[in-house]
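The first residue of the sequence shown is numbered 1, and numbering continues consecutively from there. Note that ligands are numbered from 1 as they come in the structure, with each ligand's atoms numbered from 1 the same way.
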Amino acid sequence: MEDLWNIWLSELHKKHTGFTLKIKKIIYSGQSDFQQVDVFESYEFGRVLVLYGSIMITEKDEFIYHEMITHIPLCVHTKTKKVLVIGGGDGGAVREIVKHPSIQKVTLVEIDKMVVDVCKEYFPQVSSEFDNPKVEVLYADGAKFVYHGTEKYDLIVVDASDPIGPAEVLFQKSFHEQIYDRLNDDGILVAQSESPFYHQETIRKMYKNLKEIFPVVELYLASIPTYPSGLWSFAFCSKKYHPIRNFDRQYFAGLKLNTRYYNEDVHEAAFRLPTFVRRLVDAG
Ligand code: SPD
């Protein structure tokens with residue numbers, strides 16, 4: 001049967017290169033007000049969420065991205081109480097954040113309700129904490145929410161899709177300036193910042209802007225098989241804390257979390273950069 005059903009999902013990363021997955025079944029296909037939303041069952045990576053033709057999560061490797069975008073800042077600012085997540089409608093970041101005992105409230109602002117609904121239905125292990133009483137889900141434009149609000153946060157996580165379409169604004173300097181104003185004096189911003197291999201112009205520009213806003217700006221890396229090039233970057237931006245000097249190893253050990261990618265050594269190693277990546281950050 002596998003050989004007769006010969007459907008492949010191919011995501012182009014550049015004009016002449018990409019990533020391809022053999023598909024077992026098409027589970028869901030819909031068009032929201034913002035984008036095409038698809039869910040596939042793949043042979044190798046389990047269920048796959050695809051937005052506008054781009055892979056967002058797979059069951060097999062989503063843990064890497066979600067552990068790294070959350071535990072890195074939370075093991076530095078270990079007294080974090082209030083968190084804002086922009087995007088992240090699959091729920092993976094929220095699932096990791098609520099594992100930290102100091103957390104009192106997580107507000108998730110997702111522009112596309114269809115993403116949340118589809119993930120609740122088809123990715124129950126990822127969206128598992130949406131009903132947690134500490135979690136509030138709002139359907140709104142994240143940039144407008146940050147611009148119009150007044151509440152301050154200890155941590156803001158920008159769990160965006162790629163800088164095209166509705167998420168483009170989440171990579172702009174004016175948005176990061178607003179984020180700065182919405183953080184407490186010891187607050188941290190962590191944002192996904194694309195692939196250092198394929199999206200070099202995005203990274204150069206983004207880090208140049210971030211360094212003009214935040215006193216501490218560091219790029220860190222994770223290896224994510226289903227994302228373009230497999231090498232992914234995150235921006236750690238902070239008003240006070242340094243990601244290595246203020247990293248609390250004992251705090252993480254005491255949590256006894258069952259993480260599969262993140263650990264004390266990975267925390268420190270993630271900030272040690274290959275030369276071509278270091279040059280992208282230093283360029284600005
Ligand atoms: N090209 C893939 C970029 C995906 C970044 N966001 C993923 C969202 C997972 N919560």
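- With no hydrogens or angles considered, a side-chain donor-acceptor pair links Asp159 and Tyr65 at under 3.5 Å.
- Taking distance alone, with nitrogen or oxygen atoms compared against 3.5 Å, Ser161 stays at or beyond that limit from ligand 1.
- Numbered from 1 in the order shown, with element, the atoms of ligand 1 that lie under 4.0 Å from a heavy atom of Ser54 read 1 (N).
- In the model, Tyr262 has no side-chain atom that pairs as donor or acceptor with a side-chain atom of Thr70 under 3.5 Å.
- For ligand 1, the atoms closer than 4.0 angstrom to any heavy atom of His66 are 9 (C), 10 (N).
- The option from Trp232, Tyr227, Phe19 that lies nearest to atom 7 (C) of ligand 1, judged by heavy atoms, is Tyr227.
- Residues Phe271 and Ile72 are in side-chain contact: their nearest non-hydrogen atoms beyond the backbone lie under 4.5 Å apart.
- The side chain of Ile57, and not its backbone, has at least one atom closer than 4.0 Å to an atom of ligand 1 (non-hydrogen atoms only; side chain from C-beta on).
- By the criterion of a heavy-atom distance under 4.0 Å, neither the backbone nor the side chain of Glu62 is placed next to ligand 1.
- A single hydrophobic cluster is not seen to contain both Phe145 and Val116; linkage of ILVMFWY side chains at heavy-atom distances under 4.5 Å, directly or through other members, places them apart.
- Of the N or O atoms in Gln192, none lie within a sub-3.5 Å distance of an N or O in ligand 1.
- Where the criterion is an N or O separation shorter than 3.5 Å, residue side chain and backbone included, Asp159 meets it with respect to ligand 1.
- Using modelled atom types, no side-chain atom of Gln104 and backbone atom of Lys81 make a donor-acceptor pair closer than 3.5 Å.
- Under the 4.0 angstrom criterion for non-hydrogen atoms, Ala93 is not in contact with ligand 1.
- If you number the atoms of ligand 1 from 1 as listed, the ones under 4.0 Å from a heavy atom of Asp162 come out as 1 (N), 2 (C), 3 (C).
- At a 4.0 Å heavy-atom cut-off, ligand 1 touches Ala160 through the backbone alone.
- Formation of a donor-acceptor pair under 3.5 Å by the Gln192 side chain with backbone atoms of Ser161 is found in this model.
- Between Ser42 and Leu9 the shortest side-chain heavy-atom distance does not fall below 4.5 Å.
- Within ligand 1, counting atoms from 1 as listed, the ones closer than 4.0 Å to a heavy atom of Asp90 are 8 (C), 9 (C), 10 (N).
- At least one heavy atom of Ile55 lies less than 4.0 angstrom from ligand 1.
- A donor-acceptor pair under 3.5 Å is formed between the side chain of Ser127 and the backbone N or O of Cys119.
- For the pair Lys152 (side chain) and Asp181 (backbone), a donor-acceptor distance under 3.5 Å is present.
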